[in-house]
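Computed over heavy atoms, backbone and side chain alike; hydrogens, waters and symmetry mates excluded.
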Amino acid sequence: MGACLILEDGSIFAGEPFGWRGAAAGEVVFNTGMVGYPETFTDPSYAGQILVLTYPLIGNYGVPSDERARLNRFFESERIHIAGLVVMENCAEASHWNSRGSLDRWLHEHKVPGLAGVDTRALTQRLRTAGTMLGKLVIDEQRVDFWNPNEENLVARVSIDRPQQYGTGKKRVVVVDCGCKNNIIRSLLKRGIAVTVVPWDWPLAQEKCDGVVLSNGPGDPRMCEATVRNVRELLAGDTPIFGICLGHQILALAAGAETYKLKYGHRGQNQPCVLAGSKRCYITSQNHGYAVDERSLPPDWLPWFFNANDGTNEGIRHRSRPFFSVQFHPEACPGPCDTEFLFDDFVKMLS
């Protein structure tokens, strides 16, 4: 069976198919993480993306149990969200105490095509030079058109359709599900917070709560007009707001700032972020293709973190009111826990 990845610039990368034997199209992005593919594939922020993993061996520890729990311990949502997967080597035999199946079978069950035997370092170098491109995985000459997921409201696709309740703490936090990772909810629950997760376009002003978290999610933040509008209403009050990843961009838009598309985005578990005004650097996990233009921030807002590699904005905060957000993932699953303290800071604001 012939298979290949075709980029919009005409480049072709041939390989061997695995997983679901079907075609797929989307935005081709790369991730530099060495571990954590079960969490990565189930992260809703990857919706509409063909993911290239730079680590040469994938699937070696299999796939953990797909336990039927509201917050699966091993995944970040209930299903795989990537459109397709490209790896150098798909390990045929998994070896791990927690493995309950192979990567090949898991992708097949979720109808996600995979392509192995690709020089992923060369492919990543092309993406780093030319920038993120559209692409399509073609197996057995199946026809599929290029598709730009960023022209659609991906958040509406991955968000829940009705509120969900978790925990019974004295303080109640509303999490706006723009593609929320399970570990954001787990991070709040272990701090004794009662959590209500609401759809992306939920009218937040009507909620009686102690704080609001704006979650991560896929695509262009400007597609979330309803969320931006709802958050802008909250900024007229004093309810603490904590934005994460896409939630960071949404908070910035609600405050009156601008966002823009990055050349190839930040995806991986080793992104260095520096606290503004200091030399303190944190290693962070990230997955995003857009950034906040901190030059457009209104006077009442301050840049908070910046990326040590390219200088892009990684966080903002209000000068005097309890509103702040970060581009990286303080819940970091997978990834380092250097910035988990931000959840503690947020919880302190609730009292």
Side-chain angles (χ1 to χ4, degrees), residues 153 155-156 158-167 169-181 184-185 187-188 191 193-217 219-259 288 290 292-294 296-305 313-327 329-331 342-351:
N153 188 345
V155 168
V158 301
S159 181
I160 58 175
D161 57 6
R162 61 179 63 88
Q164 297 177 357
Q165 307 289 335
Y166 299 89
K170 293 182 179 180
K171 297 294 182 179
R172 178 172 172 265
V173 166
V174 169
V175 176
V176 182
D177 178 22
C178 297
C180 185
K181 292 173 63 177
I184 291 178
I185 302 172
S187 297
L188 292 168
R191 288 168 172 80
I193 302 298
V195 178
T196 301
V197 183
V198 299
W200 70 281
D201 56 352
W202 193 257
L204 299 172
Q206 72 180 22
E207 291 291 331
K208 303 295 183 181
C209 62
D210 299 291
V212 172
V213 172
L214 310 175
S215 86
N216 63 292
D220 188 340
R222 290 172 295 184
M223 292 291 179
C224 304
E225 294 180 1
T227 314
V228 172
R229 186 166 56 250
N230 292 335
V231 173
R232 188 173 293 129
E233 290 184 28
L234 284 185
L235 294 180
D238 290 306
T239 301
I241 302 173
F242 180 15
I244 297 173
C245 196
L246 183 77
H248 163 65
Q249 299 159 13
I250 288 174
L251 181 62
L253 289 172
E258 301 290 334
T259 59
H288 66 103
Y290 290 80
V292 171
D293 182 358
E294 64 179 40
S296 65
L297 285 172
D300 287 341
W301 291 81
L302 293 171
W304 196 16
F305 294 90
N313 179 267
E314 294 280 357
I316 61 173
R317 60 186 177 89
H318 196 275
R319 290 180 181 271
S320 59
R321 301 168 74 185
F323 312 139
F324 67 91
S325 61
V326 291
Q327 183 62 75
H329 286 275
E331 82 286 353
L342 293 175
F343 283 98
D344 296 322
D345 292 350
F346 175 64
V347 170
K348 291 176 183 177
M349 291 181 175
L350 307 182
S351 56

Going from [atom1] on [X] to [atom2] on [Y], what distance comes out if it is rounded to the nearest 0.5 angstrom?
X      : Y      : atom1 : atom2 : answer
Ile185 : Gln164 : CD1   : CD    : 7.5 Å
Gln327 : Trp304 : CD    : CH2   : 13.5 Å
Leu214 : Leu251 : CG    : CG    : 6.0 Å
Tyr166 : Leu188 : OH    : CG    : 12.0 Å
Leu350 : Cys209 : CG    : SG    : 9.0 Å
Leu235 : Arg321 : CG    : CZ    : 7.0 Å

To check you understand the geometry: which heavy-atom pair defines the closest contact between [X] and [Y], and what is its length?
X      : Y      : value
Phe346 : Val173 : CE2-CG2, 3.9 Å
Leu342 : Pro330 : CD1-CB, 4.2 Å
Cys224 : Trp200 : CA-CZ3, 4.1 Å
Tyr290 : Gln249 : O-NE2, 3.0 Å
Gly179 : Asn216 : O-ND2, 2.8 Å
Pro322 : Asp238 : CG-O, 3.4 Å

Provide the full list of salt bridge (charged side-chain N to carboxylate O under 4.0 Å, His left out) pairs with a residue in residues 239-259, sequence neighbours left out, each pair given once.
->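 Applying salt bridge (charged side-chain N to carboxylate O under 4.0 Å, His left out) to every pair that reaches into residues 239-259, excluding sequence neighbours, yields nothing.
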Mind checking salt bridge (Lys or Arg N to Asp or Glu O under 4.0 Å) for Arg222 and listing every partner two or more places apart, or none if nothing turns up?
->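 Arg222 satisfies salt bridge (Lys or Arg N to Asp or Glu O under 4.0 Å) with Asp220 only.
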Side chain of [X], backbone of [Y]: donor and acceptor closer than 3.5 Å?
X      : Y      : value
Arg319 : Leu302 : no
Ser215 : Val176 : yes
His329 : Glu331 : no
Ser159 : Asp177 : yes
Arg232 : Gly256 : no
Asn230 : Trp202 : yes

Answer whether the closest heavy-atom distance between the side chains of Arg172 and Glu207 falls below 4.5 Å.
->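 Yes, close enough: below the 4.5 Å cut-off.
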Non-hydrogen side-chain atoms of Phe343 and Val213 separated by less than 4.5 Å =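 They are not in contact (no side-chain heavy atoms under 4.5 Å apart), so the answer is no.
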Carefully, step by step, assess Cys178 and Ile250 under the rule side chain to side chain contact (heavy atoms under 4.5 Å, CB included).
-> CA-CA 10 Å; Cys178 297; Ile250 288 174; 3.8 Å; yes
Identify each donor-acceptor pair in which a side-chain atom of residues 239-248 lies under 3.5 Å from a protein atom, sequence neighbours left out, and give them as a table.
unit_1	atom_1	unit_2	atom_2	d
His248	ND1	Ser325	OG	2.7
His248	NE2	Asn313	OD1	3.1

Can you check side chain to side chain contact (heavy atoms under 4.5 Å, CB included) on Val198 and Leu204, steps first, answer last?
-> CA-CA 9 Å; Val198 299; Leu204 299 172; 4.2 Å; yes
May I ask you to check whether over 12 heavy atoms, not counting those of Gln165, lie within 6.0 Å of atom CD?
->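 Counting neighbours around CD of Gln165, more than 12 heavy atoms of other residues, nucleotides or ligands fall under 6.0 Å, so yes.
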